[in-house]
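Quick note on labels: first sequence line is chain A, next is B, and so on, each numbered from 1. On a predicted model such as this, the values are computed, not experimentally measured, just so you know.
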Amino acid sequence: MSDNKPTLLWLRRDLRLSDHPALCAALDQGAPVIPVFILDDCAEALGAAPKWRLGLALEHFAQVLEARGSRLILRRGDALDVLRDLVRETGAGAVHWSRLYDPAAIARDKAVKSALKEDGIDAQSHAGHLLFEPWTVETKEGGYYKVYSPMWRAVKDRDVAAPLPAPKDLRAPEAWPASDDLADWRMGAAMNRGAEVCLPYQQVGEEAAQERLAWFTRESIDRYKTRRDLPGIDGTSNLSENLALGEISPAQCWHAGLRALHEGAGGAETWIKELVWREFAYHLIYHTPQIATRNWREKWDDFPWNEDGSTAEVTAWKQGRTGVPFVDAAMREMYVTGRMHNRARMIVASYLTKHLMTHWRVGQAWFDDCLTDWDIASNAMGWQWAAGSGPDASPYFRIFNPETQLEKFDPDGNFVRAWIAEGYDTPSDTALSYFDAIPRSWGLSATDSYPRPALELSEGRERALNAYQERSF
DNA sequence: GTAACGTTGGA
DNA sequence: CCAACGTTA
């Protein structure tokens, strides 16, 4: 250890102190640790809402580090160039980071690692973003899982290492390298919506995430199995944005879920299974990176999708004015809160890809722009699942009916009342807030009458079924 | 090779 | 029941 050359901790989607293998490994070198975040092309390319939410996360995490005598160094540019600059400026001898699994990150990290090693720098990547590294889960045939249930059975009884405690001493160096000012990065610049409307819905940082996890596993997980299906109530863990940015680790969730399970909470296993869905998405994107950009099943390539994201129908879908209440409520919920209930995601995805026969990439791109819990693997898998082009996908003839879904899962109308203002004498505050959030250019007003559907549900369903059948699916 | 199975449904 | 085939063991 060392001649006291500092160690760089390259942070990306691991903005936490507890259960952070890369941070612990960096500290174990015995030298000062310099945490750094790099705004590179990967981060620059984020959609409006996820980029804004990342900015909130960085602002918060920088404060957390400062409160412990450390700092978050912010730099902009090509990751390798920046890391080399920092090595030169600080005399660092090592760089540690937590692995990511999407193709762009893998390509970048691979190049960074080999270049740094050539420079004589100790470059090390670590686990932490997933429960199970994708190359450690195999079918008996030696392949990767393409169906969820067998994967679940293969991992459910595995041991997951107990979460690491947050280090007490973050080993600040005597001198810090220069840092950009976060405000200069203008992370919210593309939020041409009322960000102040969205702000109260963001659950920023490790402490808030841990509090939520503790509350959820204590008070709510027991009834998760049934309540998770109701978009009008607070029945889910609501930890997706924190998981996406690594403000909480999946292992912390896994162990909290297991604890609840052992204490007899009925819904705990169902929730743990959802964590494994996240794993499944990452294993798929690792083994088949094209899942993020192309039909996972190539036979869908010649299906006559509408690929135009600016048609009147698709614009109405994006703006939450299709005239289908479940769809519109969900799209407005996403626009205001940055998140959408899981069941609602299935409904809007089914409606877009089936009733509107629009390519899942159009929906994926809009979610890329709007979700503060945006996660490349889950988003890609979810869209392909809904469209029918993905692994373990819903069959083509499974077309969600947004009306019967509403009767089943929003029987009291809580969800619709929360997000639709038109037609109510006293609309809810949340429903009204949508009109404060949207850009003026959309030309919508809460006093408009609720739109009539441009497309009858039965008509859309028939059209889609016929198109599928014609192609002899 | 065989056979069972498949997150979330609709009518 | 629909209608169906790839995945898995």
- [ ] Return no unless some side-chain N or O of Gln405(A) is found under 4.0 Å from OP1 or OP2 of dG10(B).
- [x] yes

message = Any side-chain N or O of Lys140(A) below 4.0 angstrom from OP1/OP2 of dT7(C)?
response = no

Of dA3(C), dG6(C), dT8(B), the nucleotide closest to the side chain of Tyr396(A) is dA3(C)

Side-chain atoms of Phe409(A) come closest, of dG9(B), dA11(B), dT7(B), to dG9(B)

Requested in this report: Could you tell me whether Arg345(A) contacts a base, only the sugar-phosphate backbone, or nothing, with contacts defined as non-hydrogen atoms closer than 4.0 Å?
Outcome: nothing

Requested in this report: Looking at every strand, decide which applies to Arg343(A) at a 4.0 Å heavy-atom threshold: base, sugar-phosphate, or nothing.
Outcome: base

Rounded to whole Å, CD of Glu138(A) lies from C1' of dT8(C) at a distance of 14 Å

Rounded to whole Å, the CG-P distance (Leu406(A) to dG10(B)) equals 12 Å

Which of dT7(B), dG9(B), dA9(C) is nearest the side chain of Tyr148(A)? It is dT7(B)

Which of dT7(C), dT7(B), dG10(B) is nearest the side chain of Lys408(A)? It is dG10(B)

Quick note, Arg461(A) side chain, CB onward, closest among dG6(C), dG10(B), dT8(C) is dG10(B)

### Query
Are Ser389(A) and Arg297(A) linked by a side-chain donor-acceptor pair shorter than 3.5 Å?
no

Under 4.0 Å: is that the gap between some side-chain N or O of Arg297(A) and OP1 or OP2 of dG6(C)?
no

Check your understanding: Within the modelled atom types, does a donor on one side and an acceptor on the other bring the side chain of Trp277(A) and the base of dT7(B) under 3.5 Å apart?
Key -> yes

Among the nucleotides dA9(C), dT7(C), dT8(B), whichever has the atom closest to the side chain of Tyr145(A) is dA9(C)

For dT7(B), the nucleotide meeting Watson-Crick or G-U wobble distances (both under 3.5 Å) is none

Open item on the list: Over all strands shown, is Glu403(A) touching base, sugar-phosphate only, or nothing at heavy-atom distances under 4.0 angstrom?
Closed with: nothing

Exercise for the section: Remember a base hit wins even if backbone is also touched, and classify Thr404(A) as base, sugar-phosphate or nothing at under 4.0 Å, heavy atoms. Expected result: sugar-phosphate

In whole angstroms, the gap separating P of dC5(B) from CZ of Arg153(A) amounts to 9 Å

Query raised in the report: Are Phe397(A) and the base of dC2(C) stacked, counting only ring centres nearer than 5.5 Å and planes tilted under 30°?
Result: no

### Task
Answer yes if the side chains of Asp328(A) and Tyr450(A) hold a donor-acceptor pair under 3.5 Å, and no otherwise.
yes

Asn401(A) has its side chain closest, among dT7(B), dT8(B), dA11(B), to dA11(B)

Original post:
Gln203(A) and Asn242(A): side-chain donor and acceptor closer than 3.5 Å?
Top reply: yes

Side-chain donor/acceptor of Glu206(A) to backbone N/O of Ser18(A), under 3.5 Å:
yes

Checking dT8(B), dA9(C), dT7(C) against the side chain of Asp229(A) (C-beta onward), the nearest is dT8(B)

message: Do Asp392(A) and Tyr145(A) pair up side chain to side chain, a donor and an acceptor below 3.5 Å, judged on atom types alone?
response: no

Regarding the side chain of Asn342(A), the nearest nucleotide among dT8(C), dT8(B), dG10(B) is dT8(B)

